[in-house]
Visitor: 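Questions regarding the structure given below will be posed in turn.
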Amino acid sequence: MSATISELHLSKPPIPLTRSFFEQPTVDVARQLIGVPIQYRNFAGIITETEAYVGQDDPACHAARGMTPRTKVMFGPAGYSYIYLIYGMYWCLNIVTEVTGYPAAVLIRGLKLDGIEAKLTNGPGKLCKVLDLDSSFNNQDLINHPEFKLYQAQRSCEILTTPRIGITKGQDKLWRFVCA
DNA sequence: ACCCCGATCGTA
DNA sequence: ACGATCGGGGTT
(Lines give C-alpha, C1' and ligand atoms only; values in the text may rest on other atoms or scores of the structure.)
Protein backbone atom coordinates (compact mmCIF):
# COMPACT_ATOMS: atom_id res chain seq x y z
CA MET A 1 0.00 0.00 0.00
CA SER A 2 1.61 3.27 -1.09
CA ALA A 3 1.34 6.51 0.85
CA THR A 4 -1.48 8.86 -0.08
CA ILE A 5 -0.95 12.47 -1.17
CA SER A 6 -2.12 13.74 2.21
CA GLU A 7 0.12 11.38 4.18
CA LEU A 8 3.16 12.59 2.24
CA HIS A 9 2.47 16.15 3.29
CA LEU A 10 1.43 15.50 6.88
CA SER A 11 3.74 16.30 9.76
CA LYS A 12 4.27 13.49 12.26
CA PRO A 13 2.44 13.62 14.56
CA PRO A 14 -0.18 15.76 12.78
CA ILE A 15 -0.36 19.29 14.20
CA PRO A 16 -3.69 21.10 13.66
CA LEU A 17 -3.56 24.69 12.41
CA THR A 18 -4.42 27.13 15.17
CA ARG A 19 -6.64 30.20 15.14
CA SER A 20 -3.55 32.41 15.40
CA PHE A 21 -2.38 30.97 12.09
CA PHE A 22 -5.45 32.55 10.47
CA GLU A 23 -5.01 35.81 12.39
CA GLN A 24 -1.90 36.60 10.36
CA PRO A 25 -2.03 38.94 7.34
CA THR A 26 -4.34 37.37 4.77
CA VAL A 27 -1.84 37.24 1.92
CA ASP A 28 0.60 35.37 4.15
CA VAL A 29 -2.12 32.94 5.19
CA ALA A 30 -3.10 32.34 1.57
CA ARG A 31 0.50 31.59 0.64
CA GLN A 32 1.08 29.35 3.66
CA LEU A 33 -2.08 27.36 3.01
CA ILE A 34 -0.59 25.91 -0.18
CA GLY A 35 0.37 22.31 0.54
CA VAL A 36 -1.62 22.17 3.76
CA PRO A 37 -3.22 18.77 4.44
CA ILE A 38 -6.99 18.91 4.65
CA GLN A 39 -9.47 16.34 5.88
CA TYR A 40 -13.24 16.57 5.60
CA ARG A 41 -15.46 13.61 6.36
CA ASN A 42 -14.06 10.76 4.26
CA PHE A 43 -12.01 13.07 2.02
CA ALA A 44 -8.30 13.73 2.54
CA GLY A 45 -5.82 15.71 0.50
CA ILE A 46 -3.91 18.97 0.25
CA ILE A 47 -4.72 22.55 -0.68
CA THR A 48 -3.25 23.44 -4.08
CA GLU A 49 -4.66 26.89 -4.91
CA THR A 50 -5.78 29.91 -2.87
CA GLU A 51 -6.56 33.62 -3.18
CA ALA A 52 -6.50 36.42 -0.62
CA TYR A 53 -9.37 38.92 -0.27
CA VAL A 54 -8.26 41.66 2.04
CA GLY A 55 -10.44 44.26 3.71
CA GLN A 56 -12.63 47.11 2.57
CA ASP A 57 -9.87 48.71 0.50
CA ASP A 58 -9.65 45.64 -1.73
CA PRO A 59 -12.23 46.31 -4.48
CA ALA A 60 -12.52 42.60 -5.29
CA CYS A 61 -13.36 41.71 -1.69
CA HIS A 62 -17.04 41.06 -1.00
CA ALA A 63 -16.74 43.28 2.07
CA ALA A 64 -15.50 46.25 0.03
CA ARG A 65 -18.94 47.84 0.31
CA GLY A 66 -19.24 47.27 4.01
CA MET A 67 -20.99 44.77 6.22
CA THR A 68 -24.11 43.10 4.82
CA PRO A 69 -25.91 39.93 5.89
CA ARG A 70 -23.74 37.97 3.48
CA THR A 71 -20.38 39.50 4.35
CA LYS A 72 -20.98 39.58 8.10
CA VAL A 73 -18.93 36.41 8.58
CA MET A 74 -15.87 38.06 7.06
CA PHE A 75 -15.91 40.60 9.87
CA GLY A 76 -15.97 37.85 12.47
CA PRO A 77 -13.17 35.86 14.09
CA ALA A 78 -10.47 34.11 12.07
CA GLY A 79 -10.78 30.43 11.31
CA TYR A 80 -14.47 30.46 10.40
CA SER A 81 -15.89 29.33 7.06
CA TYR A 82 -17.36 31.85 4.64
CA ILE A 83 -19.46 30.14 1.98
CA TYR A 84 -21.10 32.09 -0.80
CA LEU A 85 -23.00 31.35 -3.98
CA ILE A 86 -21.56 32.52 -7.28
CA TYR A 87 -23.29 32.74 -10.68
CA GLY A 88 -26.42 31.34 -9.15
CA MET A 89 -25.01 27.84 -9.26
CA TYR A 90 -21.67 27.33 -7.53
CA TRP A 91 -20.78 27.42 -3.85
CA CYS A 92 -17.30 28.62 -2.86
CA LEU A 93 -15.37 28.07 0.37
CA ASN A 94 -13.33 30.71 2.16
CA ILE A 95 -11.60 30.77 5.53
CA VAL A 96 -11.85 34.04 7.46
CA THR A 97 -8.57 35.72 8.43
CA GLU A 98 -7.14 38.53 10.58
CA VAL A 99 -8.56 40.20 13.67
CA THR A 100 -12.28 40.39 14.44
CA GLY A 101 -13.72 43.49 12.79
CA TYR A 102 -11.33 43.41 9.83
CA PRO A 103 -13.08 41.72 6.90
CA ALA A 104 -10.76 39.36 5.05
CA ALA A 105 -10.63 35.74 3.93
CA VAL A 106 -8.79 33.19 1.83
CA LEU A 107 -10.70 31.60 -1.04
CA ILE A 108 -9.91 27.91 -1.44
CA ARG A 109 -9.64 27.46 -5.19
CA GLY A 110 -8.05 24.05 -5.60
CA LEU A 111 -7.48 20.74 -3.82
CA LYS A 112 -5.79 17.46 -4.58
CA LEU A 113 -7.79 14.79 -2.86
CA ASP A 114 -6.62 11.21 -2.40
CA GLY A 115 -8.21 8.91 -4.94
CA ILE A 116 -10.03 11.70 -6.78
CA GLU A 117 -9.04 13.07 -10.17
CA ALA A 118 -7.41 16.49 -9.81
CA LYS A 119 -9.63 17.85 -12.55
CA LEU A 120 -12.66 17.38 -10.31
CA THR A 121 -11.33 19.68 -7.58
CA ASN A 122 -9.24 22.25 -9.50
CA GLY A 123 -11.77 25.07 -9.15
CA PRO A 124 -13.57 26.72 -6.20
CA GLY A 125 -17.02 25.68 -7.38
CA LYS A 126 -15.92 22.19 -8.36
CA LEU A 127 -14.27 21.37 -5.05
CA CYS A 128 -17.34 22.41 -3.10
CA LYS A 129 -19.44 20.16 -5.29
CA VAL A 130 -17.16 17.18 -4.61
CA LEU A 131 -17.07 17.91 -0.87
CA ASP A 132 -20.83 18.60 -0.91
CA LEU A 133 -20.35 21.98 0.77
CA ASP A 134 -23.12 24.56 0.54
CA SER A 135 -24.66 27.38 2.58
CA SER A 136 -25.28 25.00 5.46
CA PHE A 137 -21.51 24.98 6.00
CA ASN A 138 -21.29 28.78 6.27
CA ASN A 139 -19.98 30.33 9.49
CA GLN A 140 -18.51 27.13 10.92
CA ASP A 141 -15.59 27.27 13.32
CA LEU A 142 -12.97 25.31 11.41
CA ILE A 143 -10.50 25.38 14.30
CA ASN A 144 -12.78 23.20 16.42
CA HIS A 145 -14.73 21.25 13.87
CA PRO A 146 -15.49 17.54 14.22
CA GLU A 147 -15.41 16.86 10.47
CA PHE A 148 -13.12 19.51 8.99
CA LYS A 149 -9.40 19.46 9.82
CA LEU A 150 -6.38 21.39 8.60
CA TYR A 151 -2.83 20.45 9.59
CA GLN A 152 0.64 21.90 9.39
CA ALA A 153 2.40 20.84 6.25
CA GLN A 154 5.67 18.97 6.66
CA ARG A 155 6.94 20.58 3.50
CA SER A 156 5.20 22.75 0.96
CA CYS A 157 5.49 22.54 -2.80
CA GLU A 158 6.93 25.22 -5.05
CA ILE A 159 4.50 28.13 -5.09
CA LEU A 160 3.47 30.22 -8.08
CA THR A 161 2.20 33.75 -7.43
CA THR A 162 -0.25 35.31 -9.92
CA PRO A 163 -3.07 37.85 -10.18
CA ARG A 164 -6.46 36.68 -8.93
CA ILE A 165 -8.89 34.95 -11.30
CA GLY A 166 -12.32 36.04 -12.45
CA ILE A 167 -12.33 39.53 -11.00
CA THR A 168 -12.68 42.89 -12.74
CA LYS A 169 -11.21 45.09 -10.02
CA GLY A 170 -8.03 44.59 -8.03
CA GLN A 171 -6.26 42.73 -10.82
CA ASP A 172 -3.02 44.49 -9.95
CA LYS A 173 -2.63 42.48 -6.76
CA LEU A 174 -0.62 39.25 -6.94
CA TRP A 175 -2.74 37.46 -4.38
CA ARG A 176 -3.29 34.08 -6.01
CA PHE A 177 -1.07 31.18 -5.00
CA VAL A 178 -0.78 27.88 -6.84
CA CYS A 179 1.09 24.68 -6.08
CA ALA A 180 3.48 24.23 -9.00
C1' DA B 1 -40.33 43.13 -4.33
C1' DC B 2 -37.25 42.77 -7.86
C1' DC B 3 -33.52 43.62 -10.92
C1' DC B 4 -28.96 42.53 -12.21
C1' DC B 5 -24.82 40.33 -12.26
C1' DG B 6 -21.06 37.55 -10.66
C1' DA B 7 -14.21 35.38 -6.34
C1' DT B 8 -17.41 29.88 -12.46
C1' DC B 9 -17.42 26.09 -15.64
C1' DG B 10 -17.34 23.66 -19.83
C1' DT B 11 -17.05 23.72 -24.45
C1' DA B 12 -14.99 26.22 -28.62
C1' DA C 1 -12.69 33.24 -26.13
C1' DC C 2 -17.39 33.03 -24.79
C1' DG C 3 -22.01 31.81 -23.63
C1' DA C 4 -25.04 29.23 -20.29
C1' DT C 5 -27.11 29.57 -16.05
C1' DC C 6 -29.91 31.40 -11.92
C1' DG C 7 -30.03 32.22 -6.80
C1' DG C 8 -29.80 35.75 -3.90
C1' DG C 9 -27.42 40.11 -2.50
C1' DG C 10 -28.13 44.89 -2.53
C1' DT C 11 -30.98 48.36 -3.29
C1' DT C 12 -35.66 50.09 -4.41
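First the proteins, then the strands, lettered A, B, ... as listed; each starts at 1. Any value given below was found using the heavy atoms of this structure, including those in side chains, with hydrogens, waters and symmetry copies removed.
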Visitor: Roughly how far, to the nearest 0.5 Å, is the NZ atom of K173(A) from the OG1 atom of T161(A)?
Guide: 15.0 Å

Visitor: If I take atom OH in residue Y90(A) and atom C1' in nucleotide dC5(B), what distance separates them, rounded to the nearest angstrom?
Guide: 15 Å

Visitor: Hey, do the aromatic rings of Y40(A) and F137(A) have their centres closer than 6.0 Å?
Guide: yes

Visitor: If you count every heavy atom of other residues, nucleotides or ligands that lies below 6.0 Å from K129(A) atom NZ, does the total exceed 12?
Guide: no

Visitor: If you look at every strand shown and take non-hydrogen atoms under 4.0 Å, does M67(A) touch a base, only sugar-phosphate, or nothing?
Guide: nothing

Visitor: With a cut-off of less than 4.0 Å, is there a side-chain N or O of T68(A) near OP1 or OP2 of dG9(C)?
Guide: no

Visitor: Using whole Å, report how far NZ of K169(A) lies from C1' of dG6(B).
Guide: 11 Å

Visitor: For the cysteine pair C179(A) and C157(A), state whether the SG atoms are less than 2.5 angstrom apart.
Guide: yes

Visitor: Which base sits across from dC9(B) as a Watson-Crick or G-U pair, both distances under 3.5 Å?
Guide: dG3(C)

Visitor: Report the distance from atom CH2 of W91(A) to atom P of dG9(C), rounded to the nearest whole Å.
Guide: 8 Å

Visitor: Rounding to an integer number of Å, can you tell me how far R164(A) CZ sits from dT8(B) P?
Guide: 11 Å

Visitor: Please classify the nucleic acid contact of I86(A) as base, sugar-phosphate, or nothing, using heavy-atom distances under 4.0 Å.
Guide: sugar-phosphate

Visitor: Between K119(A) and dC9(B), is there a contact of a side-chain N or O with OP1 or OP2 at under 4.0 Å?
Guide: no

Visitor: Ring stacking, Y84(A) with base of dA7(B), under 5.5 Å and under 30°?
Guide: no

Visitor: Where the side chain of T71(A) is defined as all heavy atoms beyond and including C-beta, which of dT8(B), dG10(C), dA7(B) is the nearest nucleotide?
Guide: dG10(C)

Visitor: In whole angstrom, give the distance that lies between atom OH of Y53(A) and atom P of dG6(B).
Guide: 13 Å

Visitor: Counting just side-chain N and O atoms, does R65(A) come under 4.0 Å of either OP1 or OP2 of dT11(C)?
Guide: no

Visitor: Given the C1' atoms of dG8(C) and dG10(B), what is the spacing between them in whole Å?
Guide: 24 Å

Visitor: What is the distance, to the nearest angstrom, from the CD atom on E49(A) to the C1' atom on dT8(B)?
Guide: 12 Å

Visitor: Among dG7(C), dA7(B), dG10(B), which nucleotide has an atom closest to any side-chain atom of L85(A)?
Guide: dG7(C)

Visitor: I'd like to check L131(A) versus F148(A) (side-chain heavy atoms, cut-off strictly below 4.5 Å). Are they in contact?
Guide: no

Visitor: Tell me which nucleotide, if any, is Watson-Crick or G-U wobble paired with dG10(C) when both distances must be under 3.5 Å.
Guide: dC2(B)

Visitor: In whole angstrom, what separates L127(A)'s CG from dT8(B)'s P?
Guide: 11 Å

Visitor: Is there side-chain contact between K72(A) and N139(A), with heavy atoms separated by less than 4.5 Å?
Guide: no

Visitor: Which whole number of Å gives the distance between the P atom of dT11(C) and that of dA7(B)?
Guide: 14 Å

Visitor: For the pair made of CG in N122(A) and C1' in dA7(B), what is the distance, rounded to whole Å?
Guide: 16 Å

Visitor: Tell me which of G66(A) and G88(A) sits closer to the 5' end of DNA chain C, going by the nucleotide each one is nearest to.
Guide: G88(A)

Visitor: For M89(A) and R70(A), take the nucleotide of DNA chain C holding the closest heavy atom to each; which residue's nucleotide lies nearer the 5' end?
Guide: M89(A)

